[in-house]
Amino acid sequence: MSNFKSDFLRELEARGFIHQLSDADGIDEAAAEKIVTGYIGFDATAPSLHVGSLVQIMMLRWLQKTGHKPIALMGGGTTRIGDPSFRDDARPLLTDEKIDENLAGIKAVFAKFLNFGNGKTDAVMVNNRDWLDDLRYIDFLRDYGRHFSVNRMLSFDSVKLRLEREQNLSFLEFNYMILQAYDFVELNRKHGCTLQMGGSDQWGNIVNGIELGRRTDGASLFGLTSPLLTTSSGAKMGKTAAGAVWLNEDMLSPYDYWQYWRNAEDADVGRFLKLFTELPLEEIKRLEKLKGAEMNEAKKILATEATAMAHGRAAAEKAAEAARTAFEEGAISADLPTVEIDAGAFDTGHGLLNALVEAGLCASTSDARRQIKGGAVRVNDVAVADERMVLHRQSLTGDGVVKLSLGKKKHVLLKPKA
């Protein structure tokens with residue numbers, strides 16, 4: 001452990017957020033002596049951020065909780081190009097209308113993690129489209145492009161790996177790192193921002209911004225990155241077989257979000273408690289020592305605390321109770337995820353294989369068939385062995401639903417459309 005003076009770096013280091021620091025002593029001294037303004041950029045490539053962005057969001061939260069000012073930079077401008085970092089192909093170009101629609105969804109996430117306002121440490125949200133749209137490109141290249149070495153840009157891993165794989169990197173995408181560097185300079189000029197944070201894949205872009213600020217304005221800027229996060233099995237955070245683990249409630253229910261954390265691998269629980277909850281480190285140390293069945297209690301605490309951060313304490317406790325009811329009592333809870341299907345399907349008969357796919361429990365009918373043969377599927381808490389089973393009106397419970405279960409942890413209610 002380092003001997004950091006600032007609460008900010010001490011907290012981030014103790015919880016496992018720090019991978020690289022451009023100037024550890026400089027950042028630490030600034031954070032110990034005054035309010036530091038720091039930012040992270042988020043491009044609007046989807047209507048919601050997912051769990052893969054949660055490390056960065058939590059870094060902004062800890063920045064604010066330790067007495068500093070966070071900026072959530074919305075990439076309304078840079079999304080029009082797409083960040084090429086560590087991608088094998090170009091992102092599809094989005095229309096301005098789609099970008100604006102995505103930004104509206106993303107903004108709702110931050111209000112749950114940060115306090116916005118006009119105070120010294122209140123968070124602010126800005127959009128880089130406000131300055132990037134007004135750039136006169138020839139003037140911009142003359143004033144800022146001359147500070148970038150193409151040789152050096154080609155040496156960054158985010159670009160080099162793409163070229164080594166012989167995947168096309170368009171000139172449009174190549175401009176992304178120049179624009180991101182310029183974002184840092186603009187935020188320093190407009191908001192006194194001196195710190196840029198991000199995942200380790202952003203290190204090259206962050207260093208470019210630090211150097212551009214020094215060359216153009218003589219500014220002293222800093223960078224901090226977090227480790228790229230994977231699960232113990234090597235899976236990418238925020239992705240499951242069923243799809244992305246979104247942070248917006250309209251794209252993933254609090255119950256399913258709770259289940260994502262409840263299903264964490266044992267080896268990940270301590271690390272996730274440090275990164276994604278605000279439980280005291282001593283309590284986390286106690287929980288990560290639990291073994292066997294006791295580890296399930298730690299997983300439930302992780303699920304409830306992480307869900308409370310994203311969806312509020314009431315929704316988290318409701319999800320935990322729904323899980324307890326479903327798993328421990330074998331009952332049907334109205335808080336389980338519900339999928340509506342055409343009511344007529346229950347009159348004519350609806351095949352179980354298709355129902356499992358529609359419920360999102362299986363990726364395909366062949367996957368559903370394998371799960372049934374493996375004994376993993378239950379209908380209304382009764383194990384099913386017949387892959388040709390058909391759901392009818394008489395399959396509906398007294399609550400007017402069919403409960404489909406895959407294994408012990410995944411449950412969905414099928415409900416006829418009214």
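Residues passing the salt bridge (charged side-chain N to carboxylate O under 4.0 Å, His left out) test with Arg189 are Glu186, Asp217, sequence neighbours excluded. For Lys274, the salt bridge (charged side-chain N to carboxylate O under 4.0 Å, His left out) test picks out no residue, with sequence neighbours left out.
Contact detail for Gly407 and Arg378: the closest heavy-atom pair is O-NH1, 3.0 Å. In terms of heavy atoms, Lys69 sits closest to Leu63 at O-CD2, 3.6 Å. Across every non-hydrogen atom of Gly209 and Val185, the tightest pair is O-CG2, 4.4 Å.
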Passes salt bridge (Lys or Arg N to Asp or Glu O under 4.0 Å), Glu297 versus Lys300? Steps please.
-> CA-CA 5 Å; Glu297 292 308 308; Lys300 290 175 186 175; 3.5 Å; yes
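With hydrogens and angles left out, the side-chain atoms of Thr66 and Asp7 include no donor and acceptor closer than 3.5 Å. Counting only N and O atoms by type, the side chains of Gln180 and Gln202 include a donor and acceptor under 3.5 Å apart. Between the side chains of His411 and Ser405, a donor-acceptor pair is found at a separation under 3.5 Å. In the model, Thr231 has no side-chain atom that pairs as donor or acceptor with a side-chain atom of Asp268 under 3.5 Å.
With a 4.5 Å cut-off on side-chain heavy atoms, Pro227 and Phe17 do not count as touching.
Heavy atoms from other residues, nucleotides or ligands lying under 6.0 Å from NZ of Lys112 number more than 12. Within 6.0 Å of the CG atom in Asn296, the count of heavy atoms belonging to other residues, nucleotides or ligands exceeds 12.
When Trp131, Phe222, Tyr39 are each tested for a ring pair (Phe, Tyr, Trp, His ring centres under 6.0 Å) with Phe184, only one passes: Tyr39.
For Glu305 (side chain) and Leu273 (main-chain N/O), no donor-acceptor pair under 3.5 Å exists by modelled atom type. Although no hydrogens or angles enter the test, the distance criterion places no donor-acceptor pair under 3.5 Å between the side chain of Thr304 and the main chain of Ile301. Of the possible donor and acceptor atoms, one in the side chain of Asn263 sits under 3.5 Å from a partner among the backbone N and O of Gln259. A donor-acceptor pair under 3.5 Å is absent between the side-chain atoms of Thr225 and the main chain of His19, judged by distance alone. Between the side chain of Asp367 and the main chain of Cys362, no donor-acceptor pair closer than 3.5 Å is present. A donor-acceptor contact shorter than 3.5 Å links the side chain of Arg10 to the backbone of Lys5.
Sorted by first and then second residue, the side-chain hydrogen bond (donor to acceptor under 3.5 Å, both in side chains) pairs involving residues 118-127 (not counting sequence neighbours) form an empty list.
In this structure, Phe346 and His350 have tilted ring planes: the angle between them lies in the 30° to 60° band. Note on ring orientation: taking the six-membered ring where Trp is involved, the planes of Phe42 and Phe110 are perpendicular (angle over 60°, cut-offs 30° and 60°).
Checked against a 6.0 Å centroid threshold, the rings of Trp261 and Phe272 count as neighbours.
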